[in-house]
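The structure under discussion appears below in the form of structure tokens.
These numbers were taken from a predicted model, which means no experiment stands behind them. As the structure lists them, so they are numbered: ligands from 1, and atoms in each ligand from 1.
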Amino acid sequence: TFAMPLLGQDAKANYDEAKIPDFTLPDPLVAQDGTKITTAEAWEKIRRPELLELFETEVYGKAPTAKPISSRVVSEREVFDDKATERQVRIFLTGDEDGPYADLLLILPKSDKPVPVVAALNFKGNHSLSDDPAIPLTKSWVRNDASNGVTKHVAVEQSRGAAKARWPVERIIDRGYGLATVYYGDIDPDFDDGFQNGIHGAFRTEGDKLAADQWGTIAGWTYGLSRIADYLEEQDAIDHDRMIVMGHSRLGKTALWTGATDPRFDLVISNNSGCGGAALSRRRIGESVWRINKSFPHWFCDNFLKYDNNEDACPVDQHELIALIAPRPVLICSAQEDYWADPKGEFLSGLYADPAYRLLGTDGLAADKMPPVNKLINSRIGYRIRSGGHNVLPSDWEAYLDFADKQLRGK
Ligand code: GCU
């Protein structure tokens with residue numbers, strides 16, 4: 001049965017499986033020159049670098065070489081009845097105290113052993129995670145959100161705690177995981193300004209136009225997540241073999257690109273990431289490449305515009321983004337009513353990444369068709385479709401941590 005798309009989505013988009021044109025996906029295990037990739041070594045030496053380069057030049061854009069960070073602890077205290085420590089740290093993303101910074105909120109369960117941590121950007125500011133006034137309102141540009149009193153792109157008191165339903169922090173702590181979160185707008189504001197502001201501004205001369213293969217905003221957010229990883233790697237309280245990156249929606253796309261480019265993340269979780277995330281572009285159902293480039297011209301590099309209504313010409317598709325994470329565990333999460341993000345296309349990219357995982361000697365996706373709702377497929381490529389719409393729910397976090405418990409066990 002066909003259900004209408006949710007408000008804010010494009011009713012003119014195709015939502016009908018029967019109207020998907022025939023297409024052939026590029027084979028993750030065939031190199032651009034036609035060579036079959038049959039060994040783990042050939043994957044690492046030939047195919048993986050080639051795919052990474054193609055995603056860089058054609059989809060997300062190349063980020064500059066990273067500069068070392070510097071950081072300053074702003075506050076530290078005990079929270080949740082002394083079960084956890086909470087630290088606020090200002091991370092100078094290019095090492096320069098006059099350059100861009102991101103405020104990290106790091107909450108770790110008390111433990112005599114290093115703890116696993118989930119790194120995740122948030123959409124509304126660190127202050128939106130809890131009602132606690134000790135977390136200052138972000139001073140960065142924010143998206144307007146009239147229901148929480150934000151109308152001038154400036155965070156206000158009313159938006160404090162606005163996202164707490166999405167962040168069951170105490171429960172995450174009780175399950176033995178830490179949380180490292182940063183407001184995404186600290187890294188790069190989420191609007192099209194010709195790549196002048198945010199992290200882009202720190203790497204370019206004002207007024208320069210970026211080349212068509214240079215980083216868009218998703219790659220900018222990824223740059224920020226990798227700088228958070230720089231900081232987390234320095235902390236003895238953190239288990240550096242159990243670093244997780246998670247993101248929802250546009251930040252789910254970002255989590256996947258981060259997992260593909262930064263192997264320090266041991267496990268990757270994308271929630272409802274859709275077009276430009278886990279969903280296969282060639283299916284052209286729900287949000288299309290043309291639509292996403294039109295609505296969000298700053299997310300991808302300009303080369304990606306070549307594939308507007310021309311998906312078959314793109315040398316890669318999104319199953320190969322999943323394959324770039326191999327052999328590390330990746331969990332793809334969909335929502336049943338999130339038609340805009342194409343749940344089936346999200347599942348299929350996991351399925352078609354499976355051969356790359358198997359080549360590297362791990363299991364892949366332990367399902368060949370979509371599982372029933374709310375059932376977690378807990379294999380190295382994990383998949384779950386939950387009932388309901390585009391969102392992050394406490395039950396999603398239970399699935400993320402069940403997946404992490406199993407997939408990172410014994411590491
Ligand atoms: C829009 C966009 C999606 C994106 C989503 C989000 O719906 O079209 O691609 O994932 O916003 O980030 O919430």
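- A salt bridge does not link Asp402 to Lys406: none of the charged side-chain nitrogens sits closer than 4.0 Å to a carboxylate oxygen.
- Contact annotation for Leu251 and ligand 1: no heavy atom of the residue comes within less than 4.0 Å of the ligand.
- At a 3.5 angstrom cut-off on N or O pairs, Arg250 counts as close to ligand 1.
- A pairwise comparison of heavy atoms in Ala278 and Ser349 identifies O-OG, 2.6 Å as the closest pair.
- Taking every non-hydrogen atom of Lys253 and a distance limit under 4.0 Å, the qualifying atoms of ligand 1 come out as 3 (C), 4 (C), 9 (O), 10 (O).
- Using a 4.0 Å cut-off to heavy atoms of Ile292, the atoms of ligand 1 that qualify are 9 (O).
- Across all non-hydrogen atoms, the minimal contact from Cys301 to Gln214 is CB-O, 3.2 Å.
- The residues Asp103 and Arg90 are annotated as salt-bridged, a charged nitrogen and a carboxylate oxygen being separated by less than 4.0 angstrom.
- Every atom of ligand 1 with a heavy atom of Trp340 under 4.0 Å away is listed here by number and element: 2 (C), 7 (O), 8 (O).
- Neither the backbone nor the side chain of His248 has a heavy atom within less than 4.0 Å of ligand 1.
- Here Tyr223 and Phe203 bring their ring centres to under 6.0 angstrom of each other.
- Against a heavy-atom cut-off of under 4.0 Å, Ser249 is close to the following atoms of ligand 1: 4 (C), 5 (C), 6 (C), 10 (O), 12 (O), 13 (O).
- Geometrically, ligand 1 and Glu287 share a nitrogen or oxygen pair separated by less than 3.5 Å.
- Checked options Phe123, Tyr184, Tyr60, Trp257; the residue passing with Trp221 is Tyr184 (criterion: ring-ring contact (aromatic ring centres under 6.0 Å, His included)).
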